[in-house]
Amino acid sequence: MRRVREVIVVEGRYDKNALRQTVDATVLETKGFGVFKDRERLALLRRLAAERGLILLTDSDGAGFVIRNFLKGAIPKSQLKQAYIPDVPGKERRKDAPGREGKLGVEGMPPAALLEALERAGATFEDGGSPAEREPVTKADFYELGLTGGPDSGAKRAALLKKLGLPERMTANALLEAVNILYTRETFMELAND
C-alpha cells in the first residue's frame with residue numbers, strides 16, 4: 001500500500017473507508033455539508049493544509065463540487081491539491097438506488113481509479129514500508145492530564161489549545177482528533193506536561 005504525505009479530504013465515512021483500503025494516508029471527512037458550519041473542522045483543515053498540504057477528493061456530482069469550491073475558497077491555493085474521480089454511471093453497493101445524478105462517488109470507485117486520481121493530483125507518495133503504527137493519545141490520557149472530567153478541565157484545555165495554536169472553541173473530542181494527527185504521543189505528552 002502506497003503512503004501519501006498530504007491529508008486527503010473526502011465527504012463522508014464510506015469515502016474514507018474506500019480510500020483507507022487503497023492508500024496509507026490521513027483521511028478526514030467534511031461530513032458532507034457539515035463543514036460549512038463546523039468551525040473547528042475548518043480550522044483543523046487549515047492547520048493541516050499549512051503543515052502537510054491537503055488533497056481534495058470529493059464526488060463528481062454537484063454536491064461534491066459545492067463542498068470542493070467552499071474549501072478552495074477557505075484554504076490557500078498553494079496548500080491544496082485537487083483530485084478528481086471520473087464520471088462513471090452507477091450506484092454504490094450499499095445503496096438501493098443511484099444518487100440524483102446517477103454517478104458513482106468516491107466510495108464506489110475501484111482502488112485503481114482512486115490511486116490514479118491521487119497520482120494525477122500530484123500526491124506526494126513516500127517510499128518505503130508503512131511507518132510503525134503510532135500509539136495514540138486516548139481519552140484516558142486526557143483524564144489523567146486533567147483535560148476532561150475535572151472541575152477545571154475546561155480551563156486546562158483552553159490553555160493547552162492556546163499553547164498548541166488550535167481554535168479556542170474546540171471540544172475535547174476535536175482536540176483529541178487533532179493531537180493524534182499533528183503529534184506523536186510522546187511529543188504531545190511532553191507539550192501537555194510542560
Side-chain angles (χ1 to χ4, degrees), residues 1-49 52-77 79-126 130 133 136 139 167 169-178 180-181:
M1 192 175 305
R2 296 181 72 187
R3 185 161 188 249
V4 177
R5 181 187 190 286
E6 295 89 356
V7 174
I8 303 171
V9 180
V10 296
E11 293 178 51
R13 69 176 181 222
Y14 294 105
D15 301 332
K16 183 177 182 177
N17 291 342
L19 216 49
R20 285 204 165 152
Q21 293 174 28
T22 305
V23 291
D24 178 9
T26 301
V27 183
L28 290 181
E29 310 164 35
T30 65
K31 299 189 179 189
F33 294 140
V35 74
F36 297 168
K37 294 180 182 176
D38 190 340
R39 290 183 181 169
E40 290 176 3
R41 179 143 308 256
L42 188 56
L44 177 60
L45 290 174
R46 284 181 175 138
R47 171 98 182 254
L48 292 170
R52 292 178 46 190
L54 294 184
I55 298 175
L56 289 183
L57 182 61
T58 61
D59 293 349
S60 58
D61 61 6
F65 275 87
V66 169
I67 294 166
R68 182 183 295 273
N69 288 332
F70 172 78
L71 291 173
K72 280 170 54 177
I75 295 168
K77 186 178 180 180
Q79 300 168 355
L80 201 55
K81 293 178 181 178
Q82 304 288 332
Y84 296 95
I85 59 171
D87 279 345
V88 176
K91 72 169 190 69
E92 283 79 17
R93 279 185 275 169
R94 70 179 177 87
K95 295 180 180 177
D96 293 331
R100 191 177 316 162
E101 295 180 32
K103 299 176 184 176
L104 285 178
V106 170
E107 74 174 274
M109 288 289 129
L114 294 174
L115 198 54
E116 185 179 335
L118 294 171
E119 288 171 346
R120 282 195 318 259
T124 307
F125 290 98
E126 297 177 344
S130 294
E133 192 69 28
K139 287 185 178 184
R169 299 188 194 285
M170 274 188 134
T171 63
N173 286 337
L175 174 59
L176 183 63
E177 180 181 30
N180 276 313
I181 293 171

Which residues pass the side chain to side chain contact (heavy atoms under 4.5 Å, CB included) test with Lys91, sequence neighbours left out?
Pro98
All side chain to side chain contact (heavy atoms under 4.5 Å, CB included) counterparts of Ala49, not counting sequence neighbours:
Leu54, Ile75, Gln79
Heavy-atom pair with the smallest gap, counting every atom of [X] and [Y]:
X: Met1; Y: Arg20; answer: SD-O, 3.7 Å
X: Thr22; Y: Pro111; answer: CG2-O, 3.5 Å
X: Ala123; Y: Val4; answer: CB-CG1, 4.1 Å
X: Leu104; Y: Pro89; answer: CG-O, 4.3 Å
X: Ala83; Y: Ile55; answer: CB-CG2, 3.7 Å
X: Leu56; Y: Arg68; answer: O-NH1, 3.5 Å

Does [Y] offer a backbone N or O that forms a donor-acceptor pair with the side chain of [X] under 3.5 Å?
X: Arg41; Y: Glu29; result: yes
X: Lys81; Y: Gly122; result: yes
X: Arg46; Y: Ala74; result: yes
X: Glu40; Y: Met170; result: yes

For Glu107, all residues meeting salt bridge (charged side-chain N to carboxylate O under 4.0 Å, His left out), sequence neighbours excluded:
Arg94
Student check: side-chain heavy atoms of [X] and [Y] closer than 4.5 Å:
X: Thr58; Y: Thr30; answer: no
X: Leu118; Y: Arg2; answer: no
X: Lys72; Y: Leu80; answer: yes

Taking atom CG of Leu42 and atom CZ of Phe36, what is their separation to the nearest 0.5 Å?
10.5 Å
Above 12 or not: heavy atoms from other molecules or residues under 6.0 Å from [atom1] of [X]?
X: Lys31; atom1: NZ; value: no
X: Arg120; atom1: CZ; value: yes
X: Lys95; atom1: NZ; value: yes

Worked check of side chain to side chain contact (heavy atoms under 4.5 Å, CB included) between Leu57 and Asp15
CA-CA 9 Å; Leu57 182 61; Asp15 301 332; over 6 Å; no
Report the C-alpha separation of Asp59 and Glu101 in whole Å, then their side-chain angles, then the decisive distance to 0.1 Å, and conclude whether the side chain to side chain contact (heavy atoms under 4.5 Å, CB included) test is met.
CA-CA 11 Å; Asp59 293 349; Glu101 295 180 32; over 6 Å; no
Start with the C-alpha gap between Glu11 and Val106, add the side-chain angles, then the distance that decides, and say whether side chain to side chain contact (heavy atoms under 4.5 Å, CB included) holds.
CA-CA 9 Å; Glu11 293 178 51; Val106 170; 5.8 Å; no
Stepwise, does the side chain to side chain contact (heavy atoms under 4.5 Å, CB included) test hold for Leu48 with Val9?
CA-CA 11 Å; Leu48 292 170; Val9 180; over 6 Å; no
